[in-house]
Amino acid sequence: MASEEQCSVPLRWRSISLTHIEFPAGDLTGQMLAYTSLLPIAILVGFVTLIVFKRELHTISSFGGLVLNEGVNWLLKHILREPRPCEGAHTTLTTEYGMPSSHSQFIWFFVVYFFLFLYLRMHQTNNARCVELLWRHILSITLLGVALSVSYSRVYLLYHTWSQVFYGGVAGSTIGVVWFFFTQEVLTPLFPKIAAWPISEFFLVRDTSLIPNILWFEYTVTRSEARNRQRKLGTKLQ
């Protein structure tokens, strides 16, 4: 329990939080766009979850690209030092600089990288069924809408100007393209060797680069193994 002496000392309190997205009070559109601005954090959480439970080298490499992208954004902001619009409008900002927009750069890196992964790495489009191709196109359009929404939210909520959002998108898209082809041409050939390292085997890190549809592969392997175990169990019970 706090003493009277402790309570009498004026303290400046700060909250522990990853983000404080502010929106105009009573503005439903602003509130929705504020939640949209949180999507990059949800994507990061998703990546960490996949890495922990899947431990797949390509996923780890993609996450490394996101970290690199954020590092480039920080560097550009502190080189350009362009202030945000309506300076002083927001009280909870990690940095006073706004060029380029980190949210825009993040989401466009993710979307462009995912586009390339979807249409180039999952390259078995000639043998894919119409439903699978339609699913890819719908997913691509949805992601494009997400990227545009996140970018627009930063302007609407007065965190960035249009130019800051535009150049953030350009930077993120460029890094996404470069990192994808770097992963494909340089890192992917090394993945089998990396997966064979003792430390990789200890942490169950794996390489699935040669498997075009990992979801279908895991589904069929799991179903086949379950049936084999069921047969063995049935044989023992007879």
Side-chain angles (χ1 to χ4, degrees), residues 18-19 36-80 94-95 97 99-123 136 139-151 153-154 160 164-195 197 199-200 203-215:
L18 291 174
T19 179
T36 301
S37 288
L38 296 176
L39 284 174
I41 295 178
I43 292 172
L44 279 176
V45 173
F47 261 103
V48 173
T49 303
L50 280 175
I51 289 172
V52 170
F53 288 99
K54 293 294 184 181
R55 308 183 190 190
E56 202 276 322
L57 284 171
H58 198 283
T59 304
I60 297 172
S61 174
S62 303
F63 182 76
L66 281 173
V67 173
L68 173 66
N69 182 60
E70 287 298 294
V72 171
N73 178 266
W74 183 91
L75 186 63
L76 289 174
K77 278 186 175 180
H78 286 78
I79 291 175
L80 299 174
T94 56
T95 175
Y97 308 124
M99 173 65 84
S101 165
S102 58
H103 280 70
S104 181
Q105 186 169 328
F106 181 100
I107 198 66
W108 282 102
F109 172 95
F110 173 77
V111 168
V112 168
Y113 189 98
F114 197 88
F115 282 167
L116 295 172
F117 179 86
L118 203 60
Y119 289 104
L120 295 183
R121 188 175 184 276
M122 296 179 67
H123 51 74
R136 291 186 195 181
L139 182 58
S140 298
I141 294 172
T142 302
L143 286 173
L144 181 61
V146 167
L148 292 172
S149 298
V150 171
S151 300
S153 71
R154 305 308 290 170
H160 295 283
Q164 291 170 355
V165 166
F166 173 77
Y167 286 112
V170 171
S173 300
T174 302
I175 298 173
V177 171
V178 171
W179 189 256
F180 176 83
F181 286 105
F182 176 76
T183 300
Q184 287 295 105
E185 302 300 327
V186 179
L187 296 182
T188 299
L190 299 176
F191 282 169
K193 295 180 181 179
I194 297 174
W197 290 351
I199 189 171
S200 299
F203 287 105
L204 304 179
V205 175
R206 54 183 176 163
D207 171 34
T208 60
S209 302
L210 298 178
I211 303 173
N213 193 333
I214 186 64
L215 290 177

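All values below come from the heavy atoms of this structure, side chains included, with hydrogens, waters and symmetry mates left out. A quick note: this is a predicted structure, and the numbers were derived from the prediction, not measured.
Atom-to-atom distance recorded for Phe182:CZ and Leu187:CG is 4.5 Å, nearest 0.5 angstrom. Taken from CD in Glu56 to OG in Ser62, the straight-line distance is 8.0 Å, to the nearest 0.5 Å. Rounding to the nearest 0.5 Å places CG of Leu190 at 11.0 Å from OG1 of Thr183. With values rounded to the nearest 0.5 angstrom, Leu75 atom CG is found 12.5 Å from Glu70 atom CD. Expressed to the nearest 0.5 Å, how far CG of Asn73 lies from CD of Gln105 amounts to 4.0 Å. Annotation: the span from Ile51 atom CD1 to Thr59 atom OG1 amounts to 7.0 Å, rounded to 0.5 Å.
No side-chain N or O of Ser149 forms a donor-acceptor pair with one of Thr36 less than 3.5 Å apart. Checking Ser101 against Gln164 by side-chain atom types alone, no donor-acceptor pair falls below 3.5 Å.
Atom OH of Tyr167 has 12 or fewer heavy atoms from other residues, nucleotides or ligands within 6.0 Å.
A heavy-atom distance below 4.5 Å is found between the side chains of Ser151 and Trp108. Side-chain contact check for Gln184 versus His58: some heavy-atom pair is nearer than 4.5 Å. Here the side chains of Ser153 and His103 are not in contact, with every heavy-atom distance at 4.5 Å or above. With contacts defined as side-chain heavy-atom distances shorter than 4.5 Å, the pair Ser61/Trp179 qualifies. By the 4.5 Å heavy-atom criterion applied to side chains, Ile194 and Asp207 are not counted as neighbours. Taking 4.5 Å as the limit, some side-chain heavy atom of Ser37 sits within range of a side-chain heavy atom of Arg154. Between Arg206 and Lys54 the shortest side-chain heavy-atom distance falls below 4.5 Å. Residues Pro100 and Lys77 are in side-chain contact: their nearest non-hydrogen atoms beyond the backbone lie under 4.5 Å apart.
A side-chain hydrogen bond (donor to acceptor under 3.5 Å, both in side chains) check over residues 41-52, counting only residues at least two apart or in different chains, returns nothing.
The side chain to side chain contact (heavy atoms under 4.5 Å, CB included) test applied to Ser140 returns Phe115, Leu118, Tyr119, not counting sequence neighbours. The side chain to side chain contact (heavy atoms under 4.5 Å, CB included) test applied to Ile199 returns Trp197, Phe203, not counting sequence neighbours. With sequence neighbours excluded, the residues satisfying side chain to side chain contact (heavy atoms under 4.5 Å, CB included) with Val67 are Phe63. Annotation: side chain to side chain contact (heavy atoms under 4.5 Å, CB included) contacts of Ile43 (sequence neighbours excluded): Phe47, Phe106, Ile107, Phe110. Looking at residues two or more places apart in sequence or on another chain, you find no salt bridge (Lys or Arg N to Asp or Glu O under 4.0 Å) involving Arg55.
For Ser104 (side chain) and Gly168 (main-chain N/O), no donor-acceptor pair under 3.5 Å exists by modelled atom type.
Note: Phe109 and Tyr113 have parallel aromatic rings, judged against thresholds of 30 and 60 degrees for the angle between ring planes.
Minimum interatomic distance between Leu116 and Phe180 (heavy atoms only, all atoms of both residues): O-CZ, 3.5 Å. Across every non-hydrogen atom of Pro189 and Pro192, the tightest pair is O-CD, 3.5 Å.
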